[in-house]
Amino acid sequence: MSEFNQHFNEKNNGIGILGLGYVGMPLAISFSKVTDVIGFDPNREKVQLYQSGIDPTNEVGNDAIKKSSMKFTNDETELKNVSFYIAAVPTPINSDKTPDLNPVINVSKTIGKYLRKGSIVVYESTVYPGVTEDICVPILEEVSGLKLGTDFKVGYSPERINPGDKENRLENIVKIVSGSDQEALEIISQVYSTIIKAGIHRAPTIKVAEAAKVVENSQRDINIAFMNELSMVFNKMNINTYDVIEAMNTKWNALKFTPGLVGGHCIGVDPYYFLYEAEKIGYHSQIIASGRKVNDGMSRFVVEQIIKELIKLDISIKRANIGILGLTFKENTPDIRNSKMFDIVNELKGYGVVPQISDLYANEEEINKISDSEFVDYETFKDLDCLIIGVAHDEYKKLTNYDFNRIRGNKKKLLIIDLKGIFPSTRFESENFSYWSL
């Protein structure tokens with residue numbers, strides 16, 4: 001055993017996880033089952049919820065929070081008691097679509113204050129290749145006064161959690177790990193293997209691990225852009241896209257992507273990290289950039305189609321009573337980060353329409369911070385001219401014709417905009433309904 005490894009094992013007092021969101025919290029709960037965990041987040045209100053046994057992310061559930069032995073805190077000095085740090089902070093983009101690295105820079109400064117000899121720091125935040133070693137490590141060294149390699153080591157292990165997914169959980173998703181040297185890689189692999197059942201993939205370098213994350217989400221972004229482009233063409237051909245997809249998916253190697261709005265903290269963001277770094281080295285991406293352009297334009301396309309459908313029904317645009325069902329960026333999660341449903345709301349306002357909005361999962365207070373539309377219980381929807389179903393929450397899939405007739409109320413016809421293709425178009429062939437989907 002090397003001097004560093006021996007020192008790490010002797011001084012290791014558990015794991016400190018910085019950032020208790022959709023990524024950090026599942027990690028913290030899993031690790032707390034095998035070792036002591038300090039869960040740190042600067043958001044005092046969030047920490048108080050966790051301390052009260054409430055899971056605002058709905059990722060692990062209130063029971064898991066209540067039963068956990070981990071310590072929730074917004075006091076960063078608690079981090080002095082651990083020697084294995086995991087940074088799980090968000091990495092958003094700026095208004096000009098460039099990476100906003102402030103969260104990883106700030107978390108590196110925080111860790112640096114309490115870093116000691118024999119410590120290991122692992123970053124899980126999505127970044128472009130080079131951020132960990134070229135930006136984070138110099139900050140750790142400057143703030144701590146320690147030296148990478150001899151005093152501490154770093155690694156990168158990209159998060160792969162799928163919010164709202166109750167089947168593909170942290171423990172059964174293969175974990176990519178990397179380290180600043182072979183010894184770091186070995187220790188980091190051993191630590192993660194205590195909670196990951198699906199296995200560990202050891203990337204040869206940190207840059208490879210960083211690249212793997214942005215590439216896997218960029219790949220999804222491109223495939224969804226392809227389906228969105230097909231949807232726009234099929235709309236002109238008066239062909240139902242989902243009927244085409246159902247037929248196409250009968251072949252064994254079909255990829256089973258569907259059209260839709262691309263929001264959230266990963267697929268709608270990560271490609272810009274790749275594009276940014278590619279531009280820096282003189283390469284202008286054609287495929288990834290084009291995919292982003294298509295997906296970023298889908299909200300406007302959808303609203304234009306809604307307006308056209310309302311005109312066909314001879315409904316006054318400005319007087320149209322419109323309700324939106326679903327505001328989160330994906331189904332069965334309260335996560336509204338970068339949700340394109342708010343782009344739909346804003347595009348409609350450009351036509352003088354202020355829709356009512358509703359979501360079974362989203363937090364009303366968070367909604368009110370970013371939208372001035374009236375947030376209501378969907379059961380109060382009545383006399384609507386148009387119902388936009390934007391998210392495929394399981395509960396929405398159970399809506400019956402009785403529900404739709406109640407929502408239609410005294411209106412002659414209800415226009416149903418089904419952005420996720422939840423229902424077959426044949427279901428709404430009655431004279432009381434008009435149906436449109438991507």
Side-chain angles (χ1 to χ4, degrees), residues 231 234-235 238-243 258-261 298-328 331-332 339-362 364 367 371-438:
S231 176
F234 289 145
N235 182 67
N238 197 29
I239 297 174
N240 184 284
T241 307
Y242 283 91
D243 289 343
T258 57
L261 305 179
M298 284 306 291
S299 298
R300 178 167 296 179
F301 168 75
V302 166
V303 172
E304 288 175 351
Q305 299 311 306
I306 292 172
I307 298 303
K308 289 179 181 178
E309 294 298 318
L310 288 172
I311 291 173
K312 289 179 184 178
L313 297 175
D314 199 26
I315 297 172
S316 171
I317 304 302
K318 289 187 176 181
R319 289 197 293 272
N321 189 11
I322 297 178
I324 295 180
L325 206 55
L327 298 163
T328 59
E331 65 276 4
N332 305 324
S339 171
K340 296 306 177 183
M341 289 308 300
F342 294 101
D343 290 353
I344 298 287
V345 172
N346 293 331
E347 289 283 347
L348 285 170
K349 288 179 179 178
Y351 287 90
V353 179
V354 182
Q356 299 178 71
I357 57 179
S358 181
D359 193 290
L360 287 171
Y361 287 81
E364 183 174 355
I367 295 293
S371 177
D372 57 2
S373 288
E374 184 182 6
F375 186 86
V376 300
D377 186 321
Y378 86 96
E379 292 185 355
T380 66
F381 280 163
K382 187 178 181 181
D383 297 335
L384 293 189
D385 295 296
C386 175
L387 175 67
I388 303 171
I389 306 173
V391 186
H393 292 321
D394 288 342
E395 290 84 350
Y396 296 164
K397 296 177 182 179
K398 300 174 185 176
L399 291 173
T400 65
N401 278 18
Y402 172 84
D403 295 310
F404 292 120
N405 275 308
R406 177 189 60 76
I407 291 170
R408 178 175 62 86
N410 294 321
K411 294 301 178 78
K412 183 178 180 180
K413 181 166 285 192
L414 172 66
L415 171 61
I416 297 171
I417 304 295
D418 183 6
L419 297 184
K420 301 298 290 185
I422 296 175
F423 304 106
S425 59
T426 53
R427 177 172 172 175
F428 301 102
E429 293 178 345
S430 162
E431 62 180 12
N432 296 325
F433 304 111
S434 182
Y435 177 88
W436 184 89
S437 70
L438 282 172

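Computed from a predicted model, the values in this text were never measured in an experiment.
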So, for [X] and [Y], which heavy atoms are closest and what is the spacing to 0.1 Å?
| X | Y | result |
| --- | --- | --- |
| Phe381 | Val376 | CE2-CG2, 3.5 Å |
| Ile344 | Val303 | O-CG2, 3.9 Å |
| Val353 | Pro355 | O-CD, 3.4 Å |
| Lys349 | Ser371 | NZ-OG, 4.3 Å |
| Glu379 | Arg406 | O-NH1, 2.8 Å |
| Ser373 | Val345 | OG-CG1, 3.5 Å |

Is the side chain of [X] donor-acceptor paired with the backbone N or O of [Y] at a distance under 3.5 Å, no angle test?
| X | Y | value |
| --- | --- | --- |
| Tyr396 | Leu360 | yes |
| Arg300 | Asp343 | no |
| Asn405 | Tyr402 | no |
| Ser339 | Leu327 | yes |
| Asp385 | Ala320 | no |
| His393 | Asn332 | yes |

More than 12 heavy atoms of other residues, nucleotides or ligands under 6.0 Å from CZ of Arg427: yes or no?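 Correct, the count exceeds 12.
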Heavy-atom count around Asp314 CG within 6.0 Å, excluding the residue itself: above 12?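 Counting neighbours around CG of Asp314, 12 or fewer heavy atoms of other residues, nucleotides or ligands fall under 6.0 Å, so no.
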Nearest 0.5 Å, what's the [atom1]-[atom2] distance between [X] and [Y]?
| X | Y | atom1 | atom2 | answer |
| --- | --- | --- | --- | --- |
| Lys420 | Ile389 | NZ | CD1 | 12.5 Å |
| Leu419 | Met341 | CG | CE | 5.5 Å |
| Leu310 | Ile417 | CG | CD1 | 7.0 Å |
| Ile306 | Glu347 | CD1 | CD | 10.0 Å |
| Leu313 | Cys386 | CG | SG | 9.0 Å |
| Leu414 | Leu384 | CG | CG | 6.5 Å |

What I'd like to find out is whether the side chain of [X] reaches to under 4.5 Å of the side chain of [Y], using heavy atoms alone.
| X | Y | answer |
| --- | --- | --- |
| Leu438 | Gln305 | no |
| Leu415 | Lys312 | no |
| Leu399 | Leu325 | yes |
| Tyr351 | Glu304 | yes |
| Gln356 | Asn321 | yes |
| Met298 | Pro259 | no |
| Leu348 | Ile388 | yes |
| Phe342 | Ser299 | no |

Would Lys398 and Glu395 count as a salt bridge (Lys or Arg N to Asp or Glu O under 4.0 Å) if you check the C-alpha gap in whole Å, the side-chain angles of each, and the deciding distance to 0.1 Å? CA-CA 5 Å; Lys398 300 174 185 176; Glu395 290 84 350; over 6 Å; no
For the residue pair Phe423 and Phe404, categorise the inter-ring angle as parallel (less than 30°), tilted (30 to 60°) or perpendicular (more than 60°).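 Perpendicular, since the angle between the ring planes exceeds 60°.
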Checking side chain to side chain contact (heavy atoms under 4.5 Å, CB included) between Ile407 and each of Leu387, Asp383, Ile416, which is the one that passes? Leu387
What side-chain hydrogen bond (donor to acceptor under 3.5 Å, both in side chains) pairs are there with at least one residue in residues 428-438, not counting sequence neighbours? Asn235-Trp436, Asp418-Tyr435
